[in-house]
Amino acid sequence: AGGEDNDVPQGVAGFADGSCVVTGQCMGPATFGTETVTLTGLPQAFVAKYEADGTQAWVRQSTGDGLATGRGVASLASGDCVVAGNFRGTESFGSETLTATGLRDGFVVRYAADGTVAWAAQIEGSDVVSAGCISSFANGSCIVAGHCDGSATFDAHFGDAPGMVPFPLGASEVPAELLSLLAAPDRLVAVQRELRARALANHDIAHRLITLLEHVGAPAPEALADRR
């Protein structure tokens, strides 16, 4: 898969039948198997599913006047998948259209097994919001982690999305719905495993950067001092 410009995969998840789904960002036109996605402007998010034998099943992309990046994806037993990432401007995922309120907002989009969009949810912010780490549960719900600069709002649209729990950053206590989702040990293990994998990936990137800086004789930033 790919094209003349940089195409960056960010997340991948597997299904019980051996198929998998991958998400990331296309910087320009890119070909996935027999399908080619074309861009009318800035880089866009992509989601592509591959069968167990490596054949491409389908590919979907965001469209709009802004840009979008898929940063994480989780698979569900039903064959659906849920993608998390960030965007700016106005972006469409299937028939769902979202408009960022800050520099970048977070998104969570659920795709059915055939690639159609079931729903799209938005995390609004005053500055930059990014949803990046996502893990699913046996009941079809999911949990999303990320970061925000400034304030963030998990609005009613996000809370009404099937399996999602509204959790304003200013809340004084954790919602009972969220506690119940995390009550089962196997769910906690799945979330911890995903978060650990992300942490290791980030550490590896920092370690490579330090090695490169040392190779050219440049000092490593203080923030990376504990990443050796």
Side-chain angles (χ1 to χ4, degrees), residues 1-98 104-122 130-136 140 142-146 161-163 190 193-194 197-198 201 205:
E4 295 180 356
D5 295 298
N6 291 331
D7 305 303
V8 185
Q10 297 275 9
V12 63
F15 296 92
D17 63 359
S19 60
C20 67
V21 63
V22 60
T23 188
Q25 185 184 66
C26 289
M27 303 290 188
T31 299
F32 299 78
T34 59
E35 294 188 56
T36 298
V37 298
T38 57
L39 308 184
T40 57
L42 297 173
Q44 296 292 335
F46 73 83
V47 185
K49 183 173 183 180
Y50 292 86
E51 304 294 357
D53 62 1
T55 58
Q56 177 258 331
W58 50 259
V59 61
R60 302 290 183 267
Q61 69 177 101
S62 60
T63 58
D65 61 7
L67 62 79
T69 304
R71 297 197 175 276
V73 59
S75 59
L76 303 175
S78 62
D80 293 8
C81 65
V82 189
V83 177
N86 60 38
F87 74 100
R88 79 182 190 198
T90 297
E91 291 291 314
S92 293
F93 301 85
S95 60
E96 300 283 341
T97 298
L98 308 176
R104 294 196 187 191
D105 281 6
F107 71 78
V108 183
V109 180
R110 180 164 177 166
Y111 291 85
D114 62 359
T116 58
V117 173
W119 51 259
Q122 179 175 350
S130 180
C133 183
I134 183 168
S135 184
S136 62
C142 63
I143 187 167
V144 180
R193 185 182 298 116
E194 177 68 18
R198 289 278 177 156
I205 293 172

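Position 1 is the first residue of the sequence, and the numbers go up from there. This one's a predicted model, so the numbers in the text were calculated from it and none came from an experiment.
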*Minimum side-chain heavy-atom gap Phe87-Thr69 below 4.5 Å*: no

_CZ on Arg88 to CG on Asp65, rounded to 0.5 Å_ = 10.0 Å

*OG1-CZ distance between Thr23 and Arg60, expressed to the nearest 0.5 angstrom*: 13.0 Å

*Any idea which heavy atoms bring Ala120 and Val109 closest together, and the distance?*
CB-CG2, 3.9 Å

*With a cut-off of under 6.0 Å to the ring centre and 45° to the axis, is Lys49 in cation-pi contact with Phe15?*
yes

*asked:* Nearest 0.5 angstrom please: Glu51 CD to Asp17 CG, how far?
replied: 7.0 Å

*Can you name the nearest heavy-atom pair linking Tyr50 to Val22, along with the distance?*
CE1-CG1, 4.0 Å

*Determine, step by step, whether Val47 and Val21 satisfy the side chain to side chain contact (heavy atoms under 4.5 Å, CB included) criterion, reporting the C-alpha distance in whole Å, the side-chain angles of both residues, the deciding distance to 0.1 Å, and the verdict.*
CA-CA 7 Å; Val47 185; Val21 63; 3.6 Å; yes

*Give, for atom SG of Cys26 and atom CG of Leu67, the distance between the pair rounded to the nearest 0.5 Å.*
13.0 Å

*Looking only at atom types and distance, does a side-chain atom of Ser62 sit under 3.5 Å from a main-chain N or O of Ala45, one as donor and one as acceptor?*
yes

*Approximate separation, where rounding is to 0.5 Å, of Gln122 CD and Leu98 CG*: 5.0 Å

*State, to 0.1 Å, how close Val82 and Cys142 come at their nearest heavy-atom pair, and which atoms those are.*
CG1-SG, 4.1 Å

*Would you please name every residue forming a ring pair (Phe, Tyr, Trp, His ring centres under 6.0 Å) with Phe93, sequence neighbours left out?*
Phe107

_Minimum-distance pair of heavy atoms, taken over all atoms of Gly64 and Gln44_ = O-NE2, 3.7 Å

*Step by step, work out the side chain to side chain contact (heavy atoms under 4.5 Å, CB included) result for Arg71 and Ser130.*
CA-CA 9 Å; Arg71 297 197 175 276; Ser130 180; 3.5 Å; yes

*Would you check if Val73 and Gln10 make a side-chain contact, meaning some heavy-atom pair closer than 4.5 Å?*
no

*Exercise: identify the closest heavy-atom pair between Ser78 and Arg110*: OG-NH2, 3.9 Å

*asked:* So which atom in Asp80 and which in Ala113 form the shortest heavy-atom distance, rounded to 0.1 Å?
replied: OD1-N, 3.1 Å

_Just verifying a value: how many Å separate Tyr111 OH and Trp58 CH2, rounded to the nearest 0.5 Å?_
7.0 Å

